[in-house]
Amino acid sequence: MITDTHAHVFWTDFDADRQAVLERARAAEVSRMIIVGTNPDTSAQAFALCEGQTGLHPSAGIHPHDAADHGEDSRELIRELCLRPACVAVGETGLDWFKAFSPREAQVANFRWHLQLACELELPIIVHCRDAHLDTLALLREFSGVRGVMHCFTMGERELAPYLELGFYISFSGVVTYPKNIDNRAAAKVVPRERLLVETDCPFLAPQGQRGKRNEPALVRSVLEHIAHVRGDDFTQLARATSANASLLFGLPDL
Ligand SMILES: [Zn+2]
Ligand SMILES: [Zn+2]
């Protein structure tokens with residue numbers, strides 16, 4: 001059993017064939033997916049999509065790109081969703097200095113609010129970090145005891161250590177399969193097995209071979225194959241281990 005810990009299957013990219021996408025995932029043994037919200041609307045869509053579907057689990061949060069567009073009302077909607085029993089995590093949220101669609105102050109305030117909520121509700125947090133390594137660490141360190149995952153970890157071995165020290169899980173995406181990303185592969189090789197997760201971040205970041213096309217949960221299989229190869233691990237054992245990690249972090253029921 002494989003768990004895609006970060007999928008945006010609610011987006012319009014999947015409107016034409018959403019059920020077929022989910023069936024293809026299950027046929028590829030990707031029987032569990034975390035459906036990650038990015039603002040109040042998409043978070044509500046994530047919850048609606050997961051309702052009554054075995055193996056689908058929603059989260060709610062405001063993405064750093066959207067931080068400037070959302071104030072108190074949106075936060076109240078996110079809090080309501082996070083309080084529902086189905087919710088497995090707060091996020092995604094975090095800092096993105098690369099695209100910088102929202103001003104830095106708005107992103108920081110947004111991230112801090114989510115960190116507080118995760119601590120208060122004792123839920124894990126799904127962190128998006130792009131070109132904002134040191135600022136992300138500084139904020140995480142403000143909230144002792146916060147648990148979570150560095151989603152789509154694209155950095156190297158050197159940046160990895162402090163997140164492991166904080167007890168965070170590290171999730172790799174299709175980026176790890178791209179030939180030039182030697183540092184990212186080096187990180188995937190040394191992450192302790194009990195902290196390793198895999199994801200698609202679909203519809204983005206399709207693995208090498210499908211690169212540039214729409215990504216979907218079934219393709220997390222090739223991310224896992226690639227990491228197993230890099231680490232010299234057995235594929236089936238690594239699939240089991242990363243799924244067990246996802247169960248532990250997100251409090252998922254057994255399938
Ligand atoms: Zn992200
Ligand atoms: Zn995402």
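We count ligands from 1, going down the list as the structure has it; atoms in each ligand are counted the same way.
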Does a side-chain N-to-carboxylate-O contact under 4.0 Å join E51 and R84?
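So E51 does not pair with R84 through a salt bridge.
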
Salt-bridge test for E72 and R75: reply yes if a basic N is under 4.0 Å from a carboxylate O, no otherwise.
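Yes, charged N to carboxylate O under 4.0 Å.
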
Parallel under 30°, tilted from 30 to 60°, perpendicular over 60°: which one fits the rings of H8 and H6?
perpendicular

When you measure from the Zn ion (ligand 1) to the N, O or S atoms of [X], does any of those distances fall below 2.8 Å?
| X | result |
| --- | --- |
| H63 | no |
| H6 | no |
| D96 | no |

Metal proximity, C152 vs the Zn ion (ligand 2), N/O/S cut-off 2.8 Å
no

Going by distance alone, is a donor N or O of one side chain under 3.5 Å from an acceptor N or O of the other, for D96 and H128?
yes

Does the R32 side chain pair with the main chain of S243, one donor and one acceptor, at a distance under 3.5 Å?
yes

If you have a sec, read the angle at the Zn ion (ligand 1) from E92 atom OE1 over to H128 atom ND1, to 10 degrees.
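So the angle at the metal works out to 100°.
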
Here the N/O/S atom of D201 closest to the Zn ion (ligand 2) would be OD1

